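Owing to the predicted nature of the structure, the values given are computational and were not obtained by experimental measurement. As a basis for the values below, the full set of heavy atoms in this structure was taken, side chains included, without hydrogen atoms, waters or symmetry mates.
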Amino acid sequence: MAATATIAGVVATSSVASAAATGPSPKPAPASQAMTDLPAAPVEKVIVTYKSKSAEAGSNTAAKNDAAAKGKETGESLSFERRLAGGAALVDLGGEASKKDLTEVMDAFRADTSVASVEPDIRAYAMAATPNDTDYAKQWDLFEATGGMNVPGAWDKTTGSGVTVAVIDTGYAAHTDLAGNVVAGYDFISSSADARDGNGRDSNAKDEGDWNATDGECGTGSKASNSSWHGTHVAGTIGATTNNTKGIAGIAYSAKIQPVRVLGKCGGSSSDIADAITWASGGTVPGVTANATPAKVINLSLGGASSTCPSVYQTAINGAVSRGTTVVVAAGNSNANASGFTPANCSGVINVASTSREGNRSFYSNYGTIIDVSAPGGETRRATDTPGTVTTPENGILSTLNSGTTTQSTENYKPYQGTSMAAPHIAGLAALLKSAKSTLTPADIESAIKANARPLPGTCTGGCGSGIADTTKTVNAVTGTTTPGGATFTNAADVTINDNATVSSSLDVTGRTGNAPAALKVDVDIKHTWRGDLVVDLVAPDGTVRNLKASSSSDSADNVIATYTVDASSEVANGTWKLQVRDVATGDTGYIDSWSLTF
């Protein structure tokens, strides 16, 4: 069965390339400051190394007595805590010491002829710094608590090194924010007319443009359009160069991108696409040189209408999976059941639906029981806005592109919307997982992504799979990492929210030391019709207010069910924290069901 594939991305047509995202610049979790801007953490302990022949070097009792004596000398509550592996003694200062107190304690130890050295027990921090890419703050899809995919917290453990991701799409339009990560691909378009390069299949995956000059050129109902440079946009989400002080950050920014061209003028054929899947995953294609860098992840942001998966697709996908390659597919943009679209309805793939910045199913996204997981695909316009317009570019997915209307011109960045944009988020996550644990199979990767997804904070009619993928949670799950501290405090008592009223729910946090983390997790469950009426704030023990959610007259969905990440590193952890909710409009009421803080 032959099938014609089309791009599964609803493209933005505005000349606005990168509208600023709303809200402040993000602070990803865990906090990752540069060495010149580390938190000023208080010192609570010192490490004392005694000279080898001293009594304190070999006797914990002697070390304990010495700590008590130094405490009496300095007026501090010093106590011997334990012996370190290297033989040094860890001495507790009895709480947070001021710089003056710390100096006095260290001077007392240094003055002791039996002490070889003394040093503060300092803090260390993860050094995967917040990306310095100039447009990173506009990539809400990576870090925002409501609609984002919680990507930054995973970068301390994996950035995709050693993994190649094949983008089977329109090919590659040269872009300096991608070039360093691109490896040799292939052009599988067998028709020279559709390929627009005069020779059909070849080893050059350059995107020659997929524009259509006139209506009806590609069949009844087709419209004239400019070149989309779709494959380059998809590639940027997965693997744009990061920390290069320009453009955007890729999800798996140390992975390699392999452009494989299958879509040209009027789309692409299933026979070409199937061969591309086989070749990209390291299989043999007659007449084509073997792939020198086989991909362990394939992204297919394309599709066509078909009630069944064509056997040519299924055979190719089965072969790819058998070779250890994870195949990620866009669900489609027809606001219909994904079972009627292919390759979304093939088995062995990760089928991805799209969500909006508000955490709803994107108005255009396909749905259904065959959806595996959802990811940010954005909405560059509202469902009621005129098709083809761009009214909310800040809510689209910003990525690498080209300014040419037909053939390539200068590189740029633009926001697009579509399940085409959602799928590469999952392909990037798959690359992170494979890099973090090379023994993972495609089935393992799919299972981990689905098991660690979170429920949509918004609405989804028809089925959105296991929810929105959570990158950090999934990476932590496969690497056996747990959240440091891990203490969770919860208040499950209902608090009624009346019209135009402000209410709060309190949590008493005890037993913590020092300040709250820079990645304090705030889980919120509020039952309320027309949630746009609500402003939700976190109030620290000292009264400092941090906004979690703003009001919105256009957000008519029910309930606020979300996890927010807050930089609370300037706040003392212990004390009474409050979730404050303000209802700013009449007509709808509800209640705080529960909320929690995870340190």
Side-chain angles (χ1 to χ4, degrees), residues 29-129 153 155-158 436 476 479-487 509-520 567-575 598-599:
S32 305
Q33 294 84 358
M35 285 297 290
T36 55
D37 189 28
L38 289 173
V43 175
E44 299 176 350
K45 301 173 185 180
V46 293
I47 301 167
V48 182
T49 302
Y50 292 95
K51 294 178 180 178
S52 59
K53 293 183 179 181
S54 68
E56 294 86 353
S59 167
N60 288 349
T61 298
K64 180 179 179 181
N65 292 338
D66 187 49
K70 296 295 191 301
K72 186 175 181 179
E73 177 184 340
T74 60
E76 303 296 329
S77 300
L78 305 186
S79 61
F80 170 79
E81 182 173 309
R82 60 185 168 88
R83 188 77 61 175
L84 303 184
L90 185 63
V91 177
D92 195 306
L93 302 180
E96 299 174 8
S98 67
K99 288 184 178 179
K100 179 176 180 293
D101 292 340
L102 176 62
T103 298
E104 289 178 352
V105 168
M106 293 181 68
D107 284 347
F109 277 108
R110 288 189 182 111
D112 189 336
T113 58
S114 65
V115 173
S117 68
V118 59
E119 61 190 55
D121 187 16
I122 61 174
R123 306 294 296 176
Y125 299 88
M127 296 311 298
W155 285 334
D156 288 328
K157 300 173 184 67
T158 173
N476 285 346
T479 57
T481 307
T482 57
T483 303
V509 175
T510 59
R512 309 301 296 169
T513 58
N515 286 9
L520 179 65
D567 182 357
S569 58
S570 62
E571 307 291 340
V572 174
N574 288 337
T598 300
F599 289 79

### Query
Any side-chain heavy atom of Val118 sitting closer than 4.5 Å to one from Val105?
no
### Message
Contact between Leu78 and Leu93 at the side-chain level, heavy atoms closer than 4.5 Å - yes or no?
### Response
yes
Rounded at 0.5 Å granularity, tell me how far [atom1] in [X] sits from [atom2] in [Y].
| X | Y | atom1 | atom2 | answer |
| --- | --- | --- | --- | --- |
| Lys51 | Glu56 | NZ | CD | 11.5 Å |
| Phe109 | Ile47 | CZ | CD1 | 12.0 Å |
| Leu84 | Leu90 | CG | CG | 5.5 Å |
| Thr74 | Leu102 | OG1 | CG | 10.5 Å |

Restricting to non-hydrogen atoms, name the atom on [X] and the atom on [Y] that form the minimum distance, rounded to 0.1 Å.
| X | Y | value |
| --- | --- | --- |
| Val43 | Pro120 | CG1-CB, 3.9 Å |
| Ser569 | Asn515 | O-ND2, 2.8 Å |
| Ala57 | Ser52 | CB-O, 3.9 Å |
| Phe80 | Ala67 | N-CB, 3.8 Å |

#### Entry: Within residues 69-92 or reaching into it, pairs that qualify as salt bridge (Lys or Arg N to Asp or Glu O under 4.0 Å) - sequence neighbours excluded
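The answer is Lys45-Glu81, Asp66-Lys70, Lys70-Asp112.
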### Query
Taking only residues two or more places apart in sequence, or in another chain, which ones meet Glu571 in a side chain to side chain donor-acceptor pair (under 3.5 Å)?
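In terms of side chain to side chain donor-acceptor pair (under 3.5 Å), with neighbours along the sequence ignored, Glu571 is linked to Thr544, Arg546.
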#### Entry: Contacts of Lys100 that satisfy salt bridge (charged side-chain N to carboxylate O under 4.0 Å, His left out) - sequence neighbours left out
Glu104
